[in-house]
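Report on the structure given below.
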Amino acid sequence: MTGSLAALAGVAALLSACKQGPNFFSPAAPEEKAYTTPDDLIPPPDEPGVKTRAEQRIALGAKVKNEWWTLFHSPPLERVMREALADSPTIAEATATLAQGRQLTLAVAGGALPQVDLGAQVGRQAVNVEISGVKRPAVPVNILGVGPTVSYALDVFGGIKRQIEAQSAQADVSDYQLAATYLALSGNITSQAITIAGLRAQIKTVDDILASDQRNFDLVKTAQAGGTATMVDVTTAEAQLANDRTLLPPLRQQLSIARDALAVYVGKTPADWSPPDFDLGALTLPSVVPVSLPSALARQRPDILAAEAQLHVAAAQLGVATANLYPDFTLTAGFAWTATGITHYFGPYAGWSALANMSAPIFHGGTLEAQQQAAKDALDASWAAYRETVIQAFGQVADQLQALAHDDQAVKTQLAALSVADQALKLARLSYAAGNSTLLQLLDPERQREQAQLGLVRAQTQRLIDTAQLLVALGSGWWNTPPSVPGPEPDPHALAPGSPTSAPALPAIPDKKPWWLFSPSNS
């Protein structure tokens with residue numbers, strides 16, 4: 001008996017190397033060489049691999065460090081970022097979800113190991129012996145039994161292995177979603193900090209405009225009292241002051257919203273936490289913006305990697321559904337001591353059993369076949385979702401690159417407008433000093449100059465925000481020091497392949513044949 005079971009176990013071990021369903025491997029890197037078309041508003045490079053844009057250069061292929069926000073050289077921003085990443089409930093939720101996924105992987109992996117249990121029974125029974133010709137009443141007997149049982153699912157067709165693979169890939173999804181949360185939070189904090197700085201600069205500019213309006217109004221009132229100005233002049237100056245005052249309430253409202261949003265990102269309530277007074281002039285525009293090559297983007301963006309891991313989940317689940325079409329084999333062994341009382345325990349009443357069980361599906365009303373087809377459809381859907389994620393990522397990077405080009409033009413035109421306005425105001429003041437013009441003739445040049453200054457502040461703010469959003473769209477450098485979760489790690493042999501630093505080079509994948517992503521597993 002023992003030799004037969006050993007032989008069966010050996011044959012089953014050989015068969016267990018076979019896994020049903022497709023073997024997953026990472027999709028090939030995109031073949032695109034650029035994010036935008038040559039007609040986009042990006043000047044030609046001054047040197048190989050570097051594109052010049054006013055005060056910025058786009059360094060193609062350069063690496064981005066993890067703490068990308070330090071490129072703005074803002075100590076207040078860095079302090080807020082450290083506080084947020086350490087105490088954000090958003091990060092805490094994603095971290096707990098990842099830890100849960102890892103533990104679930106360990107739980108599923110336990111199914112591939114032998115299961116050992118201890119059973120015990122106690123009872124009382126009476127045997128009717130009269131049917132054997134003995135004329136005596138049934139005698140009740142106490143029965144005590146205890147002993148271990150061992151069972152082992154041979155997993156001949158790899159259903160358990162595919163379950164482990166699917167759960168491990170699902171943990172990878174959570175891992176990349178944590179990285180995406182980390183990246184999105186850092187991007188939102190940086191954008192809100194720049195927005196606060198820009199709004200404060202706009203409010204200061206409007207305050208300067210109002211101060212100038214007030215001086216002009218006072219001077220016109222004095223001139224009107226002296227007979228050198230009319231009531232029309234006074235009304236005109238007063239109207240300009242009143243109109244410019246309407247600029248402040250919307251800006252202050254936007255500033256309040258931005259400050260409250262930043263408090264929420266940090267994980268605080270607006271009543272308990274106030275952001276620093278970010279200064280637009282203290283934020284440094286990164287002179288060199290590292291931009292990953294298109295071929296590397298799919299190995300860096302956490303949302304793309306999460307979509308790839310979800311594709312892996314779907315492939316493994318197809319393997320599970322396919323394995324369910326085949327028989328299951330289980331080895332079971334047990335040993336028990338049985339006695340009619342405590343005093344007789346550990347006596348000669350002992351027994352053992354060893355069984356090999358097999359169950360094979362015969363007819364399930366088409367359920368198993370439908371589940372397999374549903375798994376195939378889910379795999380097709382995951383492949384489409386992956387492709388969509390990659391395309392959207394390329395679109396976001398292209399949008400931000402073009403935005404920086406447009407920001408460059410906006411800053412240049414605002415600087416030119418400010419220069420012209422300064423010159424016009426200078427001439428108007430000389431004319432007024434020479435007595436060749438009235439005070440009201442200064443109002444329009446002053447207003448144009450102040451509006452040009454306000455437009456420049458807005459353009460500079462937008463360029464800083466678009467720079468931050470480009471770094472986020474590129475995935476930044478989160479993979480250099482990815483967020484980690486304490487606790488035991490699952491078996492590395494059960495984890496999904498395709499980490500962002502070790503993905504193998506793969507052949508191109510035709511878009512219309514997602515099944516070519518996989519190879520049938522026969523061994």
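Given the structure is predicted, the values throughout are model-derived calculations rather than measurements. If you read the sequence from its start, that first residue is 1, and numbering goes on from there.
- Between H312 and F24, the ring-plane angle classifies as parallel under the 30° and 60° cut-offs.
- Counting heavy atoms from C-beta outward, P27 and L311 have side chains that approach closer than 4.5 Å.
- Side chain to side chain, S151 and Q115 fail the donor-acceptor criterion of an N or O pair below 3.5 Å.
- By the 4.5 Å heavy-atom criterion applied to side chains, L404 and Q56 are counted as neighbours.
- Considering only residues two or more places apart in sequence or on other chains, F394 meets the ring pair (Phe, Tyr, Trp, His ring centres under 6.0 Å) condition with Y35.
- Put simply, the residue from P270, P275, S191 that forms a side-chain contact (heavy atoms from CB on, under 4.5 Å) with L262 is P275.
- Remark: the Q396 side chain and the R301 side chain contain an N/O donor-acceptor pair separated by less than 3.5 Å.
- By the 30° and 60° cut-offs, the orientation of the rings of W68 relative to F72 is perpendicular.
- Checked against D407 for a side-chain contact (heavy atoms from CB on, under 4.5 Å), the options Q460, Q402, R463, Q400 give a single hit: R463.
- Contact of the L470 side chain with the L401 side chain is registered, since non-hydrogen atoms from C-beta on lie closer than 4.5 Å.
- The shortest side-chain heavy-atom distance between L77 and T190 falls under the 4.5 Å cut-off.
- A side-chain contact (heavy atoms from CB on, under 4.5 Å) with L85 is found for exactly one of E83, M81, R82, namely M81.
- You'll find the side chain of L185 reaches within 4.5 Å of the side chain of S88, heavy atoms only.
- Looking only at side-chain heavy atoms (C-beta outward), I189 and V80 come within less than 4.5 Å of each other.
- Residues Q310 and S382 bring no donor and acceptor atom of their side chains to less than 3.5 Å of each other.
- In this structure, the side chains of E308 and R299 come closer than 4.5 Å at one or more pairs of heavy atoms.
- Counting heavy atoms from C-beta outward, K376 and Q373 have side chains that approach closer than 4.5 Å.
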